[in-house]
Amino acid sequence: PPRWAPVSVATSTIASASNTDGSRGLVTALASGDIQVQAAIGSVTGSASIEIAPAVLQSLTVDQGSILTFPAGISSALTVTGHYSDGSTAAVNGSAVWSSSNVAVANVNVQGVVEAVNVGTAILTVTVQSISTQVSVTVTSALVTGITLTPQNPSVALGLPLQLIAIASYSDGSTAD
């Protein structure tokens with residue numbers, strides 16, 4: 001069988017060529033650039049020029065998960081990671097395009113901040129280049145974020161009753177007593 005190798009030491013830092021049975025002739029890219037690979041049997045050789053392009057985006061993940069739950073009125077920033085053909089990963093929020101299947105339930109802005117608007121479910125889609133992934137967002141009822149008693153700092157004479165009112169504030173900006 002032929003013996004495979006990059007033509008020069010300089011190109012061997014860009015790619016390697018296998019001479020192992022079962023993977024003979026398999027060229028593995030190590031860096032982007034142009035290389036010349038050669039196969040030889042004795043003094044007879046053949047060569048090929050190969051252009052190794054930079055790694056390409058293959059998939060996306062939303063770091064917070066693919067199924068999210070937020071109470072109404074809450075906003076949260078989502079982060080997106082790109083997974084590349086060379087096994088590397090990188091944050092890709094700056095080039096992500098977001099959309100929501102139901103903005104009345106969950107809206108998402110260009111920075112990836114999701115706002116839980118009303119009870120229900122929406123699907124968020126994030127796209128980078130031509131690669132997309134989706135996140136299911138369920139919005140639950142608003143949470144109590146505080147309670148205010150009125151009147152505040154009252155005074156009452158000994159033996160007389162005092163009526164207090166408790167007003168609950170919720171994560172969606174609403175109030176109730």
Side-chain angles (χ1 to χ4, degrees), residues 4 6-8 10-18 22-23 25-37 47-148 167-176:
W4 292 86
V7 173
S8 72
T11 59
S12 66
T13 61
I14 295 174
S16 65
S18 174
S23 64
L26 179 67
V27 176
T28 302
L30 304 174
S32 57
D34 296 325
I35 65 162
Q36 192 82 9
V37 175
S47 64
S49 296
I50 301 172
E51 176 188 346
I52 301 172
V56 295
L57 181 65
Q58 292 187 312
S59 66
L60 300 171
T61 54
V62 175
D63 296 353
Q64 289 77 9
S66 61
I67 301 172
L68 306 174
T69 302
F70 300 105
I74 297 297
S75 293
S76 182
L78 302 180
T79 53
V80 184
T81 297
H83 302 266
Y84 292 85
S85 58
D86 65 353
S88 66
T89 61
V92 292
N93 283 44
S95 54
V97 176
W98 290 90
S99 63
S100 173
S101 67
N102 190 345
V103 295
V105 171
N107 197 8
V108 61
N109 68 18
V110 296
Q111 288 86 24
V113 176
V114 61
E115 177 189 4
V117 181
N118 288 302
V119 173
T121 301
I123 302 298
L124 304 182
T125 301
V126 59
T127 303
V128 176
Q129 298 166 10
S130 61
I131 307 296
S132 296
T133 194
Q134 294 184 326
V135 176
S136 175
V137 175
T138 299
V139 178
T140 59
S141 299
L143 295 177
V144 174
T145 58
I147 297 176
T148 304
I167 306 290
S169 299
Y170 291 86
S171 57
D172 65 358
S174 64
T175 59

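The structure presented is a predicted model; accordingly, all values stated were derived computationally and were not measured.
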Legend entry - Closest heavy-atom pair and its distance - T175, Y170: CA-CD1, 4.3 Å
Legend entry - pair V62-T133: side-chain heavy atoms closer than 4.5 Å: yes
Inset, instruction - Work out which heavy atom in Q64 is nearest to a heavy atom in L78; give both atom names and the distance. - result: OE1-CA, 3.5 Å
Legend entry - Any donor-acceptor N/O pair, T89 side chain to H83 backbone, under 3.5 Å: no
Inset, instruction - Measure the CD1-OG1 distance between I74 and T69 for me, rounded to the nearest 0.5 Å. - result: 13.0 Å
Legend entry - Minimum-distance pair of heavy atoms, taken over all atoms of I35 and A15: CD1-CB, 3.3 Å
Inset, instruction - Could I get the full list of side-chain hydrogen bond (donor to acceptor under 3.5 Å, both in side chains) partners for T127, not counting sequence neighbours? - result: S132
Inset, instruction - Nearest 0.5 Å please: distance from the CD atom of Q134 over to the OG1 atom of T125. - result: 4.0 Å
Legend entry - side-chain hydrogen bond (donor to acceptor under 3.5 Å, both in side chains) pairs, two or more places apart, involving residues 112-122: none
Legend entry - S18 side chain vs S23 backbone, donor-acceptor pair below 3.5 Å: yes
Inset, instruction - Could you check V105 against V137 for side chain to side chain contact (heavy atoms under 4.5 Å, CB included), going step by step and ending with a plain yes or no? - result: CA-CA 9 Å; V105 171; V137 175; 6.0 Å; no
Legend entry - Residue pair A96 / V128: nearest heavy atoms and the distance that separates them: CA-CG2, 3.7 Å
Inset, instruction - Could you tell me whether a side-chain N or O of S169 sits under 3.5 Å from a main-chain N or O of T145, the two making a donor and an acceptor? - result: no
Inset, instruction - Mind checking side-chain hydrogen bond (donor to acceptor under 3.5 Å, both in side chains) for N102 and listing every partner two or more places apart, or none if nothing turns up? - result: none
Inset, instruction - Using atom types as modelled and distance alone, determine if a side-chain donor or acceptor of T81 lies under 3.5 Å from a backbone N or O of T61. - result: no
Inset, instruction - Establish, from distance only, whether the side-chain atoms of S100 and N107 form a donor-acceptor pair under 3.5 Å. - result: no
Inset, instruction - Would you name the heavy atoms of A168 and V144 that are closest together and state the gap between them? - result: CB-CG1, 4.4 Å
Legend entry - Approximate separation, where rounding is to 0.5 Å, of L124 CG and S136 OG: 8.5 Å
Inset, instruction - List for me each residue that meets side-chain hydrogen bond (donor to acceptor under 3.5 Å, both in side chains) alongside T28, sequence neighbours excluded, and say none if there are none. - result: none
Inset, instruction - Please report the shortest heavy-atom distance between I52 and A29, naming the atom on each side. - result: CG2-CB, 3.4 Å
Legend entry - Pair listing, side-chain hydrogen bond (donor to acceptor under 3.5 Å, both in side chains) test, anchored in residues 90-99, at least two apart: none
Inset, instruction - Apply side-chain hydrogen bond (donor to acceptor under 3.5 Å, both in side chains) to S174 and list each qualifying residue two or more places apart in sequence or on a separate chain. - result: D172
